[in-house]
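Here the structure comes first, spelled out in structure tokens, and everything after it is commentary.
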Number of protein chains: 2
Amino acid sequence: MGAMSNVDRALSALRDMIFSGQLAPGSDHLETELAAQLGMSRTPVREAALMLQAQGLVDVRPRRGIRVRPVSAQDMRDIYDILTELESLAAARAAEAGYCSAELATLAKSIADMDAALEADDLRAWAQADDRFHRELVRLGGNARLAMIVAVMRDQVRRARATTLFMRPKPSKSNTDHHTVYQAIAAQDSARAHATHHAHRRAACKMLVELLEKHQFHGL
Amino acid sequence: MGAMSNVDRALSALRDMIFSGQLAPGSDHLETELAAQLGMSRTPVREAALMLQAQGLVDVRPRRGIRVRPVSAQDMRDIYDILTELESLAAARAAEAGYCSAELATLAKSIADMDAALEADDLRAWAQADDRFHRELVRLGGNARLAMIVAVMRDQVRRARATTLFMRPKPSKSNTDHHTVYQAIAAQDSARAHATHHAHRRAACKMLVELLEKHQFHGL
DNA sequence: GCATACTTTAATGTATACGTTATTGCAATC
DNA sequence: GATTGCAATAACGTATACATTAAAGTATGC
């Protein structure tokens with residue numbers, strides 16, 4: 001059933017450790033140590049590390065160990081540039097696809113959840129719902145490769161987003177943006193979906209980069 | 001010096017075999033066989049296969065072997081959608097960067113090479129120069145991640161492009177497009193660089209997809 | 001004291017061995 | 001004849017052993 005190989009376990013364990021900060025950004029870790037920690041041999045750890053390298057989460061450097069890649073403000077700008085274009089394209093394509101409201105239910109639900117979370121001042125719940133919104137939006141775009149790239153880019157900024165979550169201004173503008181994007185998609189207004197989401201992402205990027213630079217984070 | 005590991009050798013050998021069609025799209029290949037062919041053990045072949053999977057060139061499927069991923073017309077559309085957005089963004093960013101003409105020399109050279117190749121009716125040379133143009137354009141965009149994604153996407157359509165190279169109409173429009181993009185970048189006209197390149201890519205996509213569908217390629 | 005060449009060491013890259021497991025072929029049954 | 005269950009097999013996932021190699025430490029000469 002649960003065809004969970006050791007490589008899968010290593011992958012998800014390492015991802016968790018990276019996102020939780022248990023493996024700090026910039027820190028190095030030997031294959032042997034990680035293998036011992038995870039209770040398996042070097043082989044699956046090594047393979048997992050290679051996959052994480054392909055996803056830009058670590059650098060595998062001969063004899064220096066597996067390094068957790070820190071994310072600078074410039075990295076953030078680069079990543080958001082990519083996210084902005086690709087997610088906006090997905091929004092436009094979703095609008096063109098002519099989904100009925102039933103097919104947009106998940107998207108609507110995540111927006112409602114965000115509103116509720118904002119009301120309740122529950123930022124963690126808000127962030128989760130925000131995640132769902134963006135994932136669903138990209139799924140509706142109907143381009144699997146695009147979805148994969150976006151997922152990888154989002155993973156790269158996950159730590160930074162989590163760290164800055166409580167420093168940000170209340171994301172009420174964000175919520176109205178999501179509403180607008182939703183309406184544009186429902187109305188099959190491709191151009192508006194694109195434009196609105198594009199602006200939404202640019203604003204998010206600006207805010208995050210300013211936060212990072214203001215707080216002098218070397219690498220998150 | 002030449003720090004060539006077996007993994008590196010396997011990677012480049014497999015890439016060559018995939019691009020040349022020696023490993024046909026859709027075909028399966030056992031780790032053991034490839035290892036024997038490349039004169040090494042399974043380990044480096046396996047690691048190389050995992051990397052190629054991350055780059056979307058193969059699927060590694062337990063007990064069915066390493067499958068060379070075929071590219072359908074729909075894949076082509078998806079890939080070109082991504083390429084169109086990201087390369088156009090790169091063009092815009094390159095224009096904003098304010099490069100001097102010396103810094104744009106490589107770009108200019110590749111355009112000149114394309115013109116010369118077209119004049120000489122040397123399509124292979126034209127394709128090579130076209131490759132250089134797009135690679136350099138993306139490099140000038142200054143976003144390393146974007147460059148990497150674009151490279152991966154281009155690799156995925158490489159075979160299909162090579163196969164259809166001699167079926168295409170003479171790419172003279174393509175050359176004038178490149179000129180226009182170059183001029184926009186040199187003039188630091190970000191919007192025009194973006195718009196021109198965007199249109200250029202959309203046209204290329206349309207032409208390729210029509211070719212693929214007309215000739216009923218199942219997967220290239 | 002400093003630089004250089006050598007030794008040592010430790011981590012990786014690769015090969016190989018082995019247990020596990022999906023698939024294939026075959027036989028028995030309906 | 002088709003189907004199901006079982007046995008055989010072959011490929012993979014993983015562990016481990018070994019070779020390679022870069023880095024660190026050490027001794028030597030100046």
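Each chain gets a letter, A, B and so on, in the order its sequence line appears, and its residues count up from 1.
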Report task. Calculate the interatomic distance between B:Glu47 atom CD and C:dA15 atom P; express it in whole Å. Result -> 11 Å
Query - Least distance between heavy atoms, B:Gly56 atom then B:Arg69 atom - result: O-CD, 3.4 Å
Report task. Just jot down the side chain to side chain contact (heavy atoms under 4.5 Å, CB included) partners of A:Arg15, sequence neighbours excluded, or say none. Result -> A:Phe19, A:Leu52, A:Gln55, A:Leu57, A:Asp155
Report summary line: Separation of D:dA19 atom C1' from B:Met40 atom CE, nearest Å, is 16 Å
Report summary line: With sequence neighbours left out, the residues meeting side chain to side chain contact (heavy atoms under 4.5 Å, CB included) with B:Pro25 are B:Pro70, B:Arg159
Report task. Taking side-chain hydrogen bond (donor to acceptor under 3.5 Å, both in side chains) as the test, write out the residues that go with B:Asp28, two or more places apart. Result -> B:Arg67
Report summary line: Residues at least two apart in sequence or cross-chain that pass side chain to side chain contact (heavy atoms under 4.5 Å, CB included) with A:Met40, listed by chain then number, are A:Asn6, A:Arg9, A:Ala10, A:Leu38, A:Pro44, A:Val45
Query raised in the report: For A:Asn6 and D:dC12, what is the distance between atoms CG and P respectively, to the nearest whole Å?
Result: 18 Å
Requested in this report: Check side-chain hydrogen bond (donor to acceptor under 3.5 Å, both in side chains) between A:Asp131 and all other residues, then give those that pass, not counting sequence neighbours.
Outcome: A:Arg154
**Report entry** Atom-pair distance (CZ on B:Arg61; C1' on D:dG13), nearest Å
**Finding:** 18 Å
Requested in this report: Return the set of residues passing side-chain hydrogen bond (donor to acceptor under 3.5 Å, both in side chains) with B:Asp177 (not counting sequence neighbours), or none when no residue passes.
Outcome: B:Lys173, B:His200
Report summary line: side chain to side chain contact (heavy atoms under 4.5 Å, CB included) filter on A:Gln74, not counting sequence neighbours, yields A:Ser72, A:Arg77, A:Asp78
**Report entry** Rounded distance in Å - CG (B:Leu50) to C1' (D:dT14)
**Finding:** 13 Å
Requested in this report: Verify the distance criterion only: is there a donor paired with an acceptor across the side chains of A:His198 and A:Glu87 at less than 3.5 Å?
Outcome: no
Query raised in the report: Rounded to the nearest Å, what distance is computed from the CZ atom of residue A:Arg42 to the P atom of nucleotide C:dG13?
Result: 8 Å
Report summary line: Closest to the side chain of A:Arg46, out of C:dG13, D:dT16, D:dG13, is C:dG13
Report task. Residues of residues 24-39 of chain A with any non-hydrogen atom less than 4.0 angstrom from an atom of DNA chain D: list those, numerically ordered, please. Result -> none
Polar atoms only, N or O, under 3.5 Å: list the protein pairs with nucleotides 20-23 of chain C and their distances.
unit_1: C:dT21; atom_1: O2; unit_2: B:Arg63; atom_2: NH1; d: 3.0
unit_1: C:dA22; atom_1: O4'; unit_2: B:Arg63; atom_2: NE; d: 3.2

Query raised in the report: Does OP1 or OP2 of C:dA15 have a side-chain N or O of B:Ser41 closer than 4.0 Å?
Result: yes
